[in-house]
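Heads up: the structure comes next, in structure tokens.
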Amino acid sequence: MADAEEGRLERLTGMLKRRGIILPAFEIHGGAKGLYDFGPVGGRLRNKVNQAWLNHWISMGNIVELSCPTITPYAVLEASGHVGEFSDFMTNCNSCEEASRADTILEPHHANPDSLTKSDLQQLLGDVNPQCPSCGDSDWSPIVAQNLMFNTTIGAGKSGRPGFLRPETAQGMFTSFSSLYRHNRERLPFGAVQVGKGYRNEISPRQGMIRLREFNMAELEYFIDPEVDLEHDFSQWASLQMNLLSESDGEIIMSITDAVAKGIIRHPTVGMFMAKTFDFLTNIGIDSSKLRFRQHQSDEMAHYASDCWDVEILGSYGWVECVGIAHRGCYDLEAHEKATGKTLRARREFAQPKIVEIDGWTTDGATAGPAFRALAGAVKKAVEQLSSTCEFPTQVTLENGESVTVDSAHVKRVQRTESISGEWYIPHVVEPAFGIDRIIWHLLDHAYDESGKDGEEYVTLRLNESIAPVDYCVFPLFEKDGMGELARDIHRSLCSKFGTVSIYDASGSIGRRYARADEIGVPICITVDHQSLQDNTVTLRDRDSGKQSRISISEL
RNA sequence: GCGGAUAUGGUGAAGUGGUAUCAUAGGAGGUUUCCAACCUUUUGCCGGGGGUUCGACUCCCCCUAUCCGCACCA
């Protein structure tokens with residue numbers, strides 16, 4: 001069984017290469033690890049999957065599409081935590097030049113070296129001075145952070161600023177929050193989607209398209225008010241049993257509706273995106289029996305996340321994570337706020353304005369200014385903290401620790417009633433993130449059917465019509481007597497329709513041409529024969545059933 | 001990054017210290033050709049770089065890529 005599966009995987013990748021779907025990139029120069037081409041057929045496939053994905057989310061009505069640069073300044077990814085999180089700290093042995101990870105060689109000397117900062121590690125390395133695992137010497141170079149992101153310089157020469165190729169598309173959507181907020185008339189919830197390239201300089205790309213250095217990702221950021229319980233209508237998924245691997249209950253079969261009701265899915269909006277993700281994947285042709293949701297363990301989730309579910313799809317490489325749906329809290333917007341000092345918030349109006357009685361003190365600028373000079377600002381702050389019953393003169397302690405005497409001439413009473421109509425808050429984010437390459441791989445894997453009609457070796461790629469890269473093949477039964485010309489006319493007229501792709505093929509026997517079309521998953525083949533010349537009808541042949549029907553050319 | 005295996009037409013394979021064989025696919029022509037039919041003809045390959053040798057696809061070294069473990073990781 002394993003051998004048969006192995007053979008299948010090789011035949012599948014061979015076919016993908018032979019037919020121009022997925023190929024190793026730059027092969028004539030020896031190739032490059034972790035980089036793939038989508039070929040003349042695959043390019044269109046990728047595009048259709050991207051478009052289906054965009055359409056699926058934009059149809060929600062409150063989701064907009066963004067396109068942000070892949071080149072990203074250092075500061076953005078520093079704020080997001082990627083500069084720190086995506087790093088390994090490396091040190092070189094000065095004797096044998098062997099590179100080692102600092103946290104690995106310090107493992108015997110610290111409970112959790114992974115948690116240390118660079119300078120802590122450097123300190124510990126100097127104190128312990130461990131032996132090189134390779135040559136036994138103890139002479140280490142300074143620690144350098146080796147990041148899994150691709151470095152680049154934005155600009156030339158001295159004006160160049162450090163940057164990276166983005167490791168995910170999400171950050172651009174967070175940094176665009178203000179624009180999104182304005183566009184959506186300052187009302188939550190709303191979302192933004194983006195499909196595009198991401199880059200990670202993986203130590204070891206493996207397993208074909210499963211781990212790449214440049215990959216296609218599609219991410220959605222859905223901004224919500226944490227204090228509003230969104231109403232999601234789960235009724236359409238109520239009877240749909242899902243394969244769930246939950247953190248507390250293990251493997252269970254349950255509808256998403258029930259899992260949300262029981263609190264297994266901790267947030268209804270996460271549940272809603274899980275259900276809609278299921279719809280998307282099955283709509284484009286992922287086999288629902290080879291799909292499951294796996295909840296992250298608490299220690300596996302990023303510290304800021306409150307719930308995270310992966311969609312795993314079963315294929316030739318086993319269960320592979322293809323989508324992650326995470327409740328990220330306010331982490332991202334807050335991180336960019338902290339780093340920039342800009343406000344990335346939404347406003348929440350109170351049902352009833354809050355009436356606040358203010359009764360206290362402030363300074364009188366005319367007297368306090370000359371009296372306290374440079375300290376006047378700090379004195380004002382301190383005085384505004386004083387109770388309304390305070391009596392002057394009094395000693396106040398300033399921020400810098402100094403103590404000054406404030407007397408009644410420096411202050412004035414403040415008594416007023418304020419009505420506060422609302423407040424600003426940092427929205428929370430639910431993020432479904434899709435690995436498009438991995439999804440495409442599984443679409444192909446699930447669609448690849450080697451079962452010939454009579455036990456013969458015959459390949460059909462049973463791709464869903466919505467993503468099939470070629471819509472029609474047009475064949476003249478013979479390329480003579482005018483059949484070729486008629487077939488070319490039909491081909492041209494199909495191609496001129498928006499979004500329709502047709503292939504004209506007149507070489508080889510008709511059976512061979514059907515076989516070629518089946519192998520790249522063309523749903524419908526159109527054949528022009530002698531009868532076509534007389535009555536303007538053609539044969540339509542359906543890929544999956546093989547059934548033929550005659551229809552008039554005008555009905556195509 | 002460590003260990004192991006591999007690298008020959010587009011694809012899948014065979015083989016040799018003296019430039020390569022087979023199947024399949026592709027092009028052209030023929031055949032009333034509807035599920036990889038047939039006939040003729042044609043195109044196309046030793047991953048890259050060094051070394052040994054009169055001569056290297058073959059032997060040696062390095063590199064690159066692929067696959068499998070380990071490690072790492074959306």
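Naming convention: chains lettered A, B, ... in sequence-line order (proteins, then strands); numbering from 1 in each chain. Side-chain atoms are counted along with the backbone in the values below, which use heavy atoms only and exclude waters and symmetry mates. All of these numbers come straight from a predicted model, not from anything done at the bench.
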Partner residues of [X] under the side chain to side chain donor-acceptor pair (under 3.5 Å) criterion, sequence neighbours left out:
X: Ser176(A); value: none
X: His446(A); value: none
X: His56(A); value: none
X: Arg492(A); value: Asp489(A)

Qualifying residues under salt bridge (Lys or Arg N to Asp or Glu O under 4.0 Å), relative to Asp332(A), sequence neighbours excluded
Arg328(A)
Checking Asp481(A) now: which residues fulfil salt bridge (Lys or Arg N to Asp or Glu O under 4.0 Å) with it, not counting sequence neighbours?
none
Taking atom P of C68(B) as reference, at what distance in whole Å does atom CD1 of Ile210(A) sit?
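The distance from CD1 of Ile210(A) to P of C68(B) comes to 11 Å, rounded to the nearest Å.
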Pairs of donor and acceptor atoms involving the side chains of residues 73-80 of chain A, under 3.5 Å and at least two apart or interchain, shall be tabulated with distances.
residue	atom	partner	partner atom	Å
Ser80(A)	OG	Leu77(A)	O	3.1
Ser80(A)	OG	His82(A)	N	3.4
Ser80(A)	OG	His82(A)	ND1	2.6

Mind checking side-chain contact (heavy atoms from CB on, under 4.5 Å) for Asp529(A) and listing every partner two or more places apart, or none if nothing turns up?
Leu477(A), Gln531(A), Ser532(A), Thr539(A), Arg550(A)
Only counting residues at least two apart or in another chain, list the ones meeting side-chain contact (heavy atoms from CB on, under 4.5 Å) with Ser288(A).
Phe278(A), Thr282(A)
Please verify the inter-ring angle class for His491(A) with Tyr504(A); under 30° counts as parallel, over 60° as perpendicular, anything in between as tilted.
tilted
Nucleotide pairing, RNA chain B (Watson-Crick or G-U, distances under 3.5 Å), in dot-bracket with [ ] and |:
(((((((..((((....[..)))).(((((.......)))))....(((((..]....))))))))))))....
Selection from C35(B), G26(B), U32(B) that lies nearest to any side-chain heavy atom of Arg516(A)
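Ranking C35(B), G26(B), U32(B) by closest atom to the Arg516(A) side chain puts G26(B) first.
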Scan residues 501-510 of chain A against RNA chain B and write down, sorted by residue number, each residue with any heavy atom closer than 4.0 Å; if none is found, say none.
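Of all residues in residues 501-510 of chain A, the ones placing a heavy atom under 4.0 Å from RNA chain B are Ser507(A), Gly508(A), Ser509(A), Ile510(A).
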Mind listing the N/O atom pairs, protein and nucleotides 8-13 of chain B, below 3.5 Å?
residue	atom	partner	partner atom	Å
U11(B)	OP1	Lys17(A)	NZ	2.8

Regarding Asp481(A), tell me which of base, sugar-phosphate or nothing describes its non-hydrogen contacts under 4.0 Å with the strands shown.
nothing
Look at all strands and tell whether Gly30(A) reaches a base, only sugar-phosphate, or nothing, counting heavy atoms closer than 4.0 Å.
sugar-phosphate
